[in-house]
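Heads up: numbering here begins at 1 and tracks the sequence.
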Amino acid sequence: MVVVEAALAGPAIAIGAVGLAAVLAWLDAQNKSKKPELIYSPTPFNTAVMSRCPTLHSLYQCTPFLTNGHVETIVVAKARKPPGVDYRREMLITKDGGAVAIDWEHHDDAGKDLPADAPVLILFPGLTGGSGDSYVQHAVLQARHAGIRAAVFNSRGTADSPVLTPQFYSASFTGDTREVVDHVHKRFPNSTLFAAGWSLGANILVNYLGEQGEDTPIEAAVSMCNPFDLTISNKQINEGFNKIYNWNLAAGLKRIFAKHHLVWRGHSGPAQPQLVPTCTTIREFDEAITVHSFNWEDVDAYYAGSSSAKRIPAVRLPLLCIQALDDPIAPAEAIPCDAIQDNPYCMLAVTPCGGHLGWASGPGAPFQQPWSDAAVMEWLSSVHIELMKQKQQGSSSSSSSNSVQEQQEVAAAGSTKQAASGQRIAVTVTATSSSSSTAAAAASSSTAVYTASSSISSSSSCSEAEIDAVSSSRQAVPALDTMEQLWFGEAKSTSRKQQQQQQQQQQSLRRRWVRSSSNSSTPEPVTGADVVSVPDVAASAAVAASADVAKQAELASPTAVAAAAASELVAAAACSDKAEQAQQQQQQQQQQVGKVLAEAAALAAADICTTQLRWAF
């Protein structure tokens, strides 16, 4: 009996210990789970963007047993498997004779391809990383689900890409980045261009953004696990348990170099390829190869000059930086919090856990996609909406100012005699179409040319005047409210009072509908269409007829000249008064149209050629 009890006691104790460990791990995960710390300037743009990012505002749920940065980094690197992405490789030969590989997601079924104008996201993997890494492939798939075409930028030698010259890549070298960005932009000129990078790739990306400022086709970017200050990062990676990462990354560099070591054979430069087989740290590899390839004085100067933290103040486009507080490779003390907060273009999100390239949080962790994927896609989609609104508002204000100028020119033209025989009056106005199915704000001006033709003679009448309208072709696009509902599952609420105001405004517009062309039966409201109206043409015709009668009377009466002069003065004064009245009416109508355009998200149809995205979250 004693033996049996002892045999049963062992497993019971083990089960109890495991249960206790599980409870403690769960409690530790609950204790460390917090919302990401957000740091950014509260500009209207940033506030609007962040309002559509629920992942960044929600609780970051740490995973039990993975609340330690080292454990999460290592376990996720082994447990998270690549989902399997088919690529099509494109080789880009650089100006210095080198080569980089751009891997595009490929589908044999052409029906699965995204539209030609879908947004494009250039991905920058970390040191020794490439398109085959699990975190990169998950990002490619999540981008596709968001309607974004992903392109993986593999640096020289990574992902089995060739090395054609005795030069690798470095944390400060942005020449290849510049050529890749320009190449992708030329290939998809009608697409919005995004970029995202991890670790060293994030450092290179931020350096590029700081160097380029506004001179880049990239419209928004994301930096993840960025070491920022390479001096601090290199110091930490050489301490304690972190040395494991240093050895592992150095081994990866050596494997890449070994595949291409013949390129360095016989090279007369200062590089020391013979020392690479004995390198055990990243610093030793940089001393043997990197600093010589890019003409740095020494490794310390290279690390200090390549740190992307110094480039943050020069960034001039929306940039989201995502960091983990317990990252063992990109330490929290290296994050330039003050510089990010002082730059209105930059935003920072720091999670309580995550390790390096881990972020094992949410359903499926640690085997499925990282938490950062959802945060990145939400943020990019929100930025895209704000950029569209800015472009739309800019185009609307430009369209309004052009319409006012054109209407003033028409009113001025009406104060002179325009009723000569056979004369044609051409008026260019800004047209805004309205439809219940396509309610978006007017963003680009479509022109309609109205030609009033009249042949004035003693027997002519007003009924012979014709007004021809020729409007440019239009493409209907979804309203912003409709797109937001598609992307985020909800539309903006409209109060009953706002609906009544909209109906009244629609009624006021409906009174001025005209036919857009002889081939279309759809009436469209046209701003300023009544600048040259039939009554105005009739009045001009009457003035001209009276002038002709006066001139004929000169042969019969000696005082006809004075009478004709007086008649002309009276007619000119009448035309001047009519022109002033028309100008006042047009100013009032323009003010009304301005109010309509202010709420044009539900009233006016847009002549805007925007990318129709298939975003889905």
I would like to know whether Glu219 and Lys391 meet salt bridge (charged side-chain N to carboxylate O under 4.0 Å, His left out); could you show each step before the answer? CA-CA 13 Å; Glu219 298 194 41; Lys391 294 177 182 178; 3.6 Å; yes

Given the rule in the salt bridge (charged side-chain N to carboxylate O under 4.0 Å, His left out) test, do Lys259 and Asp160 qualify, once you have shown the distances and angles that lead to the verdict? CA-CA 9 Å; Lys259 297 178 181 179; Asp160 294 324; 3.0 Å; yes

Should we say atom CD of Glu37 is surrounded by more than 12 heavy atoms from elsewhere, each under 6.0 Å from it? no

Could I get the full list of side-chain contact (heavy atoms from CB on, under 4.5 Å) partners for Ala139, not counting sequence neighbours? Leu123, Trp198, Asp373

Mind checking whether Asn46 and Pro42 have side chains closer than 4.5 Å, heavy atoms only? no

Using the rule given for salt bridge (charged side-chain N to carboxylate O under 4.0 Å, His left out), can you reason through Arg187 versus Glu90, listing the C-alpha separation, both sets of side-chain angles and the distance that settles it, and then say yes or no? CA-CA 12 Å; Arg187 184 170 179 183; Glu90 179 181 10; 2.8 Å; yes

Please determine if Asp103 and Arg88 form a salt bridge, counting it only when a charged side-chain N lies under 4.0 Å from a carboxylate O. no

Determine the sole option in Leu121, Val383, Leu380, Leu205 for which the side chain to side chain contact (heavy atoms under 4.5 Å, CB included) test with Val222 is passed. Leu380

From CG (Leu92) to CZ (Phe153), nearest 0.5 Å: 8.5 Å

Show, in sequence, the C-alpha distance, side-chain angles and deciding distance for Glu179 and Lys95, and conclude whether the salt bridge (charged side-chain N to carboxylate O under 4.0 Å, His left out) test is met. CA-CA 8 Å; Glu179 294 192 43; Lys95 296 178 181 178; 5.4 Å; no

Tell me which pairs pass ring pair (Phe, Tyr, Trp, His ring centres under 6.0 Å) where either residue lies in residues 32-59, with sequence neighbours left out. none

Can you check whether His70 and Phe241 have ring centres sitting under 6.0 Å from each other? yes

Should the ring pair Phe168 and His260 be called parallel, tilted or perpendicular, given that the plane angle runs from 0 to 90° and is split at 30 and 60? perpendicular

Could you tell me whether the side chain of Ser381 and the main chain of Glu378 form a donor-acceptor pair under 3.5 Å? yes

Mind listing the closest non-hydrogen atom pair of Ile340 and Cys321 along with its distance? CD1-SG, 4.2 Å

Hey, does the side chain of Ser191 reach the backbone of Leu193 with a donor-acceptor pair shorter than 3.5 angstrom? no

In terms of side-chain heavy atoms, does Arg144 have a donor or acceptor partner in His107 at a distance below 3.5 Å? yes

Side chain to side chain, Val206 and Asn226, heavy atoms closer than 4.5 Å: yes

Below 4.5 Å, heavy atoms only, C-beta onward: do Ile385 and Val49 meet side chain to side chain? no

Heavy-atom closest pair (Val85 atom, Val140 atom, distance to 0.1 Å) is CG1-CG1, 4.0 Å

Should Asn203 and Ser308 be marked as a side-chain hydrogen bond (donor to acceptor under 3.5 Å, both in side chains) after you check the CA-CA gap, both sets of side-chain angles, and the distance that decides it? CA-CA 5 Å; Asn203 190 84; Ser308 61; 2.8 Å; yes

Under the criterion side-chain hydrogen bond (donor to acceptor under 3.5 Å, both in side chains), I'd like the reasoning laid out for Gln212 against Arg178: C-alpha separation, chi angles, the key distance, then a yes or no. CA-CA 9 Å; Gln212 296 298 118; Arg178 193 170 291 104; 2.8 Å; yes

Thr73-Tyr245 side chain donor-acceptor pair, cut-off 3.5 Å: no

Are any non-hydrogen side-chain atoms of Phe285 and Thr281 less than 4.5 angstrom apart? no

Does NZ in Lys34 sit with more than 12 non-hydrogen atoms of other residues, nucleotides or ligands closer than 6.0 Å? no

Glu211 and Arg311 ion-paired at < 4.0 Å: yes

Ser199: which residues meet the side-chain contact (heavy atoms from CB on, under 4.5 Å) condition with it, sequence neighbours left out? His356

Evaluate the side-chain proximity of Thr231 to Lys235: yes if any heavy-atom separation is below 4.5 Å, no if none is. no

Please tell me if the side chains of Phe228 and Ile312 come closer than 4.5 Å, counting only heavy atoms from C-beta onward. yes

Which heavy-atom pair separates Ile204 from Ala171 by the least distance, and what is that distance? CG1-O, 3.7 Å

Which residue in the set Asp326, Asp229, Ile232 passes side chain to side chain contact (heavy atoms under 4.5 Å, CB included) when paired with Pro331? Ile232

Using only atom types and a distance under 3.5 Å, with no angle test, would you say the side chain of Ser161 pairs donor to acceptor with the backbone of Thr158? yes

Can you tell me if Arg149 uses its side chain to pair, donor with acceptor, with the backbone of Pro115 under 3.5 Å? yes

Quick check on Glu297: does its CD atom have over 12 non-hydrogen neighbours (other residues, nucleotides or ligands) under 6.0 Å away? no

Using the salt bridge (charged side-chain N to carboxylate O under 4.0 Å, His left out) rule, collect all pairs that involve residues 285-296, keeping only residues at least two apart or in two chains. Arg283-Glu287

Spatial distance of atom CD1 (Ile289) from atom SG (Cys279) [nearest 0.5 Å]: 7.5 Å

Evaluate the side-chain proximity of Ser33 to Tyr60: yes if any heavy-atom separation is below 4.5 Å, no if none is. no

Roughly how far, to the nearest 0.5 Å, is OG1 of Thr128 from CG of Leu200? 9.5 Å

Per-pair distances, 0.1 Å, donor-acceptor, side chain in residues 359-371, under 3.5 Å, sequence neighbours excluded:
from   : atom 1 : to     : atom 2 : distance (Å)
Trp359 : NE1    : Thr351 : OG1    : 2.9
Ser361 : OG     : Gln61  : N      : 3.4
Ser361 : OG     : Gln61  : O      : 2.7

Working to the nearest 0.5 Å, report the span between CD1 of Ile329 and CG of Leu249. 5.5 Å

Distance check, rounded to the nearest 0.5 Å: Asn154 atom CG versus Tyr169 atom OH? 10.0 Å

Mark yes or no: Arg52 above the aromatic ring of Trp379, with NZ or CZ under 6.0 Å from the six-membered ring centre and no more than 45 degrees from the axis. no

Which of parallel (below 30°), tilted (30 to 60°) and perpendicular (above 60°) describes His384 and Phe194? perpendicular

Do Thr67 side-chain atoms and Thr63 backbone N/O form a donor-acceptor pair below 3.5 Å? no

So, Asp96 and Arg156, do they make that salt bridge, N to O below 4.0 Å? yes

Only counting residues at least two apart or in another chain, list the ones meeting salt bridge (Lys or Arg N to Asp or Glu O under 4.0 Å) with Asp342. none

